[in-house]
Peer 1: 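Before I ask anything, let me first share the structure, which is written out below as structure tokens.
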Protein chains: 2
Amino acid sequence: MKRNTWQREAVRTALGSNEGFVSAQSLHSTLRDTGSPIGLATVYRALADLAVEGEADSLQSLEGESLYRACTPGQHHHHLICRNCGLTVEIEADAVELWAQSVASEHGFTQPNHVVDVFGLCAECTAQVRPGR
Amino acid sequence: MKRNTWQREAVRTALGSNEGFVSAQSLHSTLRDTGSPIGLATVYRALADLAVEGEADSLQSLEGESLYRACTPGQHHHHLICRNCGLTVEIEADAVELWAQSVASEHGFTQPNHVVDVFGLCAECTAQVRPGR
DNA sequence: ACAGTAATGAGATTCGTTATCAATAATACA
DNA sequence: TGTATTATTGATAACGAATCTCATTACTGT
Ligand SMILES: [Mn+2]
Ligand SMILES: [Mn+2]
Ligand SMILES: [Zn+2]
Ligand SMILES: [Zn+2]
């Protein structure tokens, strides 16, 4: 049976208090900095579990690192992510869902999956990069 | 200045004779198996260069590995990839391009980028998995 | 309380990728 | 064509994210 430990809860809380996507390593550092003696392997396991249970979203950074974020459970959605500060907006895209389905079946593909992420500079970071322009 | 070496050409050729996405390691194995004494680091460098120059597409596998594929240069496009055999179809998705643009600007994001990949089982692999069903 | 066992965590290990750096070879030019 | 310049190569070391090992810990149901 699955057991409740303060470690899992600590990871859940730390993830929830974060605006954007974070890596297991940086989340572990954050927890350690706040005095938690949690182990790195436990953070990895907790994040993987949360992702399976639908409580966390995960994606691969452009460098191949796995990143996690507290997620609105239940509904399928995608993300608009600031490349600079990590600010993330959950977006729904019914049109894209349908498109993915149809393009797969048009080519005889079954059991379609898709990866859809939009990256950019958020309004705030845009203002910082081009001040007064 | 950039120099032409048989190593770069060998990587270009090997990549072009492959149907789907391949990793640097497996491409290196293939080249070695055909008698080429090319080094692993050189394969990594050649693939990275080809990707920058637009001659190769790259994506992160679900396990975080970087995969490469000879690419129709010039035009922006996405991929429909068989999870089982790697068969890849290049797809265009003007509607998705426009959607990505608009969803970014609606939230004040600039310089939008996007990652769009569709995975599934190709017709052939579907038939193998469910024979006669 | 106690037994059963899932969960933990320090450290070792795996594996993809990048850095090092001496040797090599492509290119420009005399 | 010969030579100097220097980009490129490749064996190896180094790096880093992620996973594995396994003895220890501590939930949970009874
Ligand atoms: Mn979706
Ligand atoms: Mn696109
Ligand atoms: Zn930002
Ligand atoms: Zn297939």
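Below, chain A is the first sequence line, B the second, and so on; all start at residue 1.
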Peer 1: If we ignore angles and hydrogens, is there a donor and acceptor under 3.5 Å between the side chains of B:His79 and B:Asp57?
Peer 2: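 Distance-only check passes for B:His79 and B:Asp57.
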Peer 1: For residues B:Thr110 and A:Thr126, is any side-chain donor paired with an opposing acceptor at under 3.5 Å?
Peer 2: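 A donor-acceptor contact under 3.5 Å links the two side chains.
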Peer 1: In whole angstrom, what separates A:Leu62's CG from C:dT17's C1'?
Peer 2: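 So the CG-C1' distance, A:Leu62 to C:dT17, works out to 16 Å.
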Peer 1: CZ/B:Phe109 to CG/A:Leu80 distance, rounded to the nearest 0.5 angstrom?
Peer 2: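 One finds 4.0 Å between CZ of B:Phe109 and CG of A:Leu80.
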Peer 1: Rounded to the nearest 0.5 Å, how far apart are CG of B:Leu87 and CD1 of B:Ile81?
Peer 2: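 B:Leu87 atom CG to B:Ile81 atom CD1 measures 10.0 Å (nearest 0.5 Å).
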Peer 1: Can you tell whether the side chains of B:Glu55 and B:Arg69 come within less than 4.0 Å, N to carboxylate O?
Peer 2: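 Between B:Arg69 and B:Glu55 there is no salt bridge, as every charged N stays at least 4.0 Å from the carboxylate O atoms.
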Peer 1: Treating primed atoms plus P, OP1 and OP2 as sugar-phosphate and everything else as base, which nucleotides of nucleotides 17-30 of chain D get B, S or - for protein heavy atoms under 4.0 Å?
Peer 2: BBBB-----BBS--
Peer 1: Quickly work out the B:Arg8 CZ to D:dG10 P distance and round it to whole Å.
Peer 2: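 Rounding to the nearest Å, CZ of B:Arg8 and P of D:dG10 are 11 Å apart.
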